[in-house]
Amino acid sequence: MKNGLIVSKLKNGTVIDHIPAGRALAVLKVLGIKGNEGNRVALVMNVESKKMQRKDIVKIDGRSITEKEAQLITLIAPTATINIVKDYEVIEKRKLDIPEKVEGLLKCPNPSCITNNDIEAKSRFIKESKSPLILKCDYCETYITEEDVLRQILS
Amino acid sequence: MRDIISALDLSREDFLSLFHLSDEILKGKKIEVKDKIISVAFFEPSTRTALSFTTAGEKLGAKIIGFSSTEGTSVAKGENLADTIRMLENYSDCIIIRHKFDGAAKFASEISDKPIINAGDGKHEHPTQTLIDLYTVYKTFGEIDNLTFGILGDLRYARTVNSLLRGLTRFKPKIVYLISPPTLSARKEILKDLNYEIKELNNPYDIISDLDVLYITRIQKERFADEMEYEKVKESYKIDENLVNKMKKESIILHPLPRVNEIDRKIDSTPQAKYFYQASLAVPIRMALLYSVLGEQ
């Protein structure tokens, strides 16, 4: 089925579309979805996309996305769109952009960074480049790339 | 001028005005910051930096409080950096901090409303050493622009190199050669924003005769997580008579000190050896900096 629906429409919930192919499991990880929460979840991987050639889609029934979760999704799936569905209709379509500052979400890979050594020092990364994704620790200036972010989120 | 965390916190005008004030101090000008209290908070060992800041503060008539090791302080009891800074902020007008962790000075500046001066944070930056380094160049050549620099040794873990490379963005060096073993090459995070020509190489003999300034750093055992890695590179370079004989007579050799074996002691008596002169300029330039930061006119 080239253009048809693989799974049925959501009544209420969230559709995360245009996830880079192969990243849907990472998105589920960000959302903390293990499958035993009770929500109906549909996961589609490596489907055809006009814009992206191949993409993943995640549909979650009865679940919204927090700002923190949305920020993390932008870091591992910068092309993703988040659609909020109510009564089978998309009532909000959010195309997220990688934030200029990412605070308290990621760990600096430098073990000697103050953020890894003082209980009050929270991590803060500044966006250096969007594509390829490069973030710079605002304290020790260590770079982290998209692969590092993905590895951190998946570990 | 307020917090000095990075060499990038100093403009060209800041550098030049501090150089001019230091010149005046060396000529005998009296400046004071009486009634001010300066905290010297050294969480990591230091000889020159701690003593020269203390001397500079004393010469300005300020009161100095603080510590040069964490023994005997609440840090030894497990107090975190933020709480120590809060305490010093209450007691003093400015805090000079040396710490083993990268980014500690910036973090301290977010905690404190009083000015923070970074006296070395891990392998990150040491901007007041750059003031000394560039002041030495300025006093020797009368300028910093149009000179050829060679920076040799551990360019990856040396905080003085990071700050020097950034300080040079305020001037117009002809070219800066970065000479190191491949495993100790400069961090791309630092190189990315430089606005002058650089060239990375491994062999100082390739360019030694072109240099006006040869800046050497110690390969620092304490910065290596893996001792085997240190063993592989620890004696990669030695500045000896053979190398110095190929330098221009009017060129200079700088080193932030302490040195271990990277400069042959026979070099100390050559006209190019300026590292002890460089160290002697620490007090006037730090006096000028403290005077500027503490806002006394």
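Since the structure is predicted, the reported quantities are computational estimates derived from the model, not experimental observations. To find a chain, count down the sequence lines: A is the first, B the second, and so on, and within it residues start at 1. When reading the values below, keep in mind they use all heavy atoms of this one structure, side chains included, and skip hydrogens, waters and symmetry mates.
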Might you point out which heavy atoms bring [X] and [Y] nearest each other, and give the distance in Å?
X: Ser112(A); Y: Lys123(B); answer: CB-NZ, 3.9 Å
X: Arg187(B); Y: Cys140(A); answer: NH2-O, 3.3 Å
X: His124(B); Y: Tyr139(A); answer: CE1-O, 3.5 Å

*asked:* Between Glu141(A) and Arg166(B), does any NZ, NE, NH1 or NH2 come within less than 4.0 Å of an OD or OE carboxylate oxygen?
replied: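 Result for this pair is yes, salt bridge flagged.
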
Just wondering, are more than 12 heavy atoms of other shown residues or ligands nearer than 6.0 Å to [atom1] in [X]?
X: Lys95(A); atom1: NZ; value: yes
X: Arg40(A); atom1: CZ; value: no
X: Gln53(A); atom1: CD; value: no
X: Ile119(A); atom1: CD1; value: no

*Considering only heavy atoms, which portion of Asp138(A) lies under 4.5 Å from any heavy atom of chain B: side chain, backbone, both, or neither?*
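Answer is both: backbone and side chain atoms of Asp138(A) are under 4.5 Å from chain B.
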
*Region of Thr115(A) that comes under 4.5 Å of a non-hydrogen atom in chain B*: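 Neither part, no heavy atoms under 4.5 Å.
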
Rounded to the nearest 0.5 Å, what separation is found between the [atom1] atom of [X] and the [atom2] atom of [Y]?
X: Arg124(A); Y: Glu110(B); atom1: CZ; atom2: CD; result: 4.0 Å
X: Phe101(B); Y: Asn117(A); atom1: CZ; atom2: CG; result: 3.5 Å
X: Thr142(A); Y: Asp102(B); atom1: OG1; atom2: CG; result: 6.5 Å

*The single option from Ile111(B), Asn80(B), Asp83(B) passing side-chain contact (heavy atoms from CB on, under 4.5 Å) against Asp118(A)*: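 Among the candidates, only Asn80(B) passes.
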
_Leading residue by heavy atom contact count with chain B [cutoff under 4.5 Å; candidates Cys113(A), Ala121(A), Cys108(A), Pro111(A)]_ =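 Sorted descending by pairs with chain B, the first entry is Ala121(A).
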
*Closest-packed option against chain A by number of heavy-atom pairs under 4.5 Å, given Lys188(B), Lys106(B), Glu189(B)*: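 Looking at each option in turn, the highest pair count goes to Glu189(B).
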
